[in-house]
Amino acid sequence: MSFAHLGLSQKVLDAVTAAGYSAPTPIQDQAIPHVLARRDVLGIAQTGTGKTAAFVLPMLTTLEQGRARARMPRTLILEPTRELAAQVEESFIKYGKNHKLNVALLIGGVSFGNQDTKLTRGVDVLIATPGRLLDHTERGGLLLTGVELLVIDEADRMLDMGFIPDIERICKLVPFTRQTLFFTATMPPEIRRITEQFLHNPVKVEVSRPATTVEAITQGLVKSGREPHDKREVLRRLIRQAEGLKNAIVFCNRKRDVATLHRSLLRHKFSAVALHGDMDQSSRMTALDQFRKGDVTVLVASDVAARGLDIPDVSHVFNFDVPHHPDDYVHRIGRTGRAGRTGTAITIVTSADHKAVAAIEKLIGRSIAWLGAPPADDPAEDDRPSEPVRMGTRAPRRGRDTRRDGTVADVGGRSEPSGGRTDAGGRAGRGPRAKTAPANVMPLETARKRPPRDDAPDDIENYLPAFLLRPVRVKA
DNA sequence: AAAAAAC
């Protein structure tokens with residue numbers, strides 16, 4: 001089997017050969033001839049199946065005829081996240097190296113100016129996330145009336161993210177006569193409805209999911225205490241003791257936990273970057289780039305990285321938190337064990353997570369083995385700072401973005417050196433510490449018969465000024 | 001229960 005019989009142009013075939021590919025994947029084999037025949041395609045496939053090239057290659061061939069007009073893109077590709085959009089752009093650059101096509105990326109978080117200049121020059125391929133695309137159309141800088149081919153990628157994820165109304169709006173802005181390529185990993189009823197509405201007599205192309213949860217990935221569960229610092233310690237041991245660890249993605253459920261864990265890992269001298277949706281776009285790009293190139297070993301990420309991201313050679317996935325939705329588990333661990341390689345996925349489980357684990361095991365239809373807790377690899381290992389904490393000349397500001405532990409809620413993925421900050425886990429949840437109440441306030445626990453919360457603030461917030469405890473007369 | 005995406 002080769003690419004030669006699919007009907008692709010010589011320019012495209014040359015680029016494919018130059019990229020080192022010789023045989024099409026099943027989805028490429030099945031979809032490309034139909035795309036070239038200008039049929040609508042409903043592709044049921046996940047990332048890792050070669051889905052992107054299945055539309056990029058025939059699009060390049062088709063676009064060799066004709067020219068783009070100002071502000072009227074010839075083709076439009078919709079992606080749910082900025083990273084996926086950028087990934088598709090890279091694919092066009094790679095396979096379009098023998099073409100002179102204008103490709104524009106319309107995503108949020110970057111300036112309008114450059115995007116607008118490109119649109120004015122005329123683009124053959126427009127790759128966009130829905131929000132920024134609609135923004136451009138509303139400003140009048142973009143007309144979708146010339147779109148000959150529309151690609152809706154990762155449709156089920158768009159649904160999860162609430163993008164379907166946007167997608168419906170966009171579909172109404174492009175000509176009825178366009179060709180539509182629609183890709184989804186699953187077919188929930190809402191997606192089925194959309195396909196009936198927007199596809200005309202589509203060819204259905206379905207490929208089995210790549211070996212994700214089965215043979216390619218070794219899965220395991222590891223017990224941990226519930227406190228974040230317990231989990232961080234378990235994670236560090238897992239990373240240090242992992243066999244054949246080349247690089248790893250660590251997933252957290254929340255963005256701020258991504259930021260905290262990232263800083264903690266840096267403090268412990270791990271080579272790590274963070275990726276989540278509250279980081280500015282250039283930091284997101286840099287982080288992903290450094291991880292892809294192998295400049296850093298660990299990517300700490302939210303679920304923005306769980307689906308679709310193509311990083312072919314991730315040896316380990318660690319779930320710092322058990323994902324709330326079992327589907328997310330499958331997507332997360334699917335970042336490893338790709339492209340015929342094997343991978344390891346280890347999930348840190350606390351006593352609060354057993355229901356979520358049961359839901360995951362039910363979904364994947366098998367139980368996941370419990371691995372023994374990793375032994376301490378260094379007796380001195382604990383969650384304290386690896387060097388004495390030097391306080392800066394100014395006390396850390398306790399503003400909106402600064403938490404009790406002195407860490408900042410989001411550093412935009414920049415690597416902060418370890419000095420000068422207090423340890424994120426140094427005190428977190430270690431139980432009550434000796435109180436030194438200011439003379440004029442009464443300890444809260446004296447005032448109320450309630451033990452201090454584990455995670456209660458250490459300082460003034462833990463005390464109630466005495467005057468507040470005096471009885472107050474309220475007139476009825 | 002959270003994340004993602006527009007200024």
It should be established whether A/Arg284 places a side-chain nitrogen or oxygen under 4.0 Å from OP1 or OP2 of nucleotide B/dA4.
no
Listed partners of A/Phe291 passing ring-ring contact (aromatic ring centres under 6.0 Å, His included), at least two apart:
none
Winner on side-chain proximity to A/Glu138, out of B/dA6, B/dA4, B/dA2, is B/dA6
Within this structure, what is the CD1-to-C1' distance between A/Ile360 and B/dA1, rounded to whole angstrom?
14 Å
How is A/Arg82 classified with respect to the nucleic acid when contacts are heavy atoms under 4.0 Å: base, sugar-phosphate, or nothing?
sugar-phosphate
Within the structure shown, what part of the strands sits under 4.0 Å from A/Phe163 by heavy-atom distance: base, sugar-phosphate, or nothing?
base
Separation of A/Asp280 atom CG from B/dA4 atom P, in whole Å?
14 Å
Give the rounded distance in Å between these two atoms: CG of A/Leu105 and P of B/dA5.
12 Å
Starting from P on B/dA2, measure out to CZ on A/Arg332 and report it in whole angstrom.
13 Å
Between P of B/dA6 and CD1 of A/Ile170, the distance in whole Å:
10 Å
How close or far is atom C1' of B/dA6 from atom CZ of A/Arg139, stated in whole angstroms?
9 Å
Are the charged groups of A/Glu233 and A/Arg237 less than 4.0 angstrom apart, N to O?
yes
For A/Leu133 and B/dA6, what is the distance between atoms CG and P respectively, to the nearest whole Å?
10 Å
Quick check with a 6.0 Å cut-off and a 45 degree axis cone: is A/Arg232 positioned over the face of A/Phe320's six-membered ring?
no
Between the side chains of A/Arg284 and A/Glu83, is the shortest nitrogen-to-carboxylate-oxygen separation below 4.0 Å, so that they form an ion pair?
yes
Show every donor-acceptor pair shorter than 3.5 Å between a side-chain atom in residues 164-176 of chain A and any protein atom, with sequence neighbours excluded, or say none if there are none.
{"residue": "A/Glu168", "atom": "OE2", "partner": "A/Arg193", "partner atom": "NH2", "Å": "3.4"}
{"residue": "A/Arg169", "atom": "NH2", "partner": "A/Glu138", "partner atom": "OE2", "Å": "2.6"}

What is the distance, to the nearest angstrom, from the CD atom on A/Glu79 to the C1' atom on B/dA5?
13 Å
When all nucleic acid strands are considered with a 4.0 Å heavy-atom cut-off, which category describes A/Gly109: base, sugar-phosphate, or nothing?
sugar-phosphate
Between A/Thr129 and B/dA4, is there a side-chain N or O to OP1/OP2 distance below 4.0 Å?
no
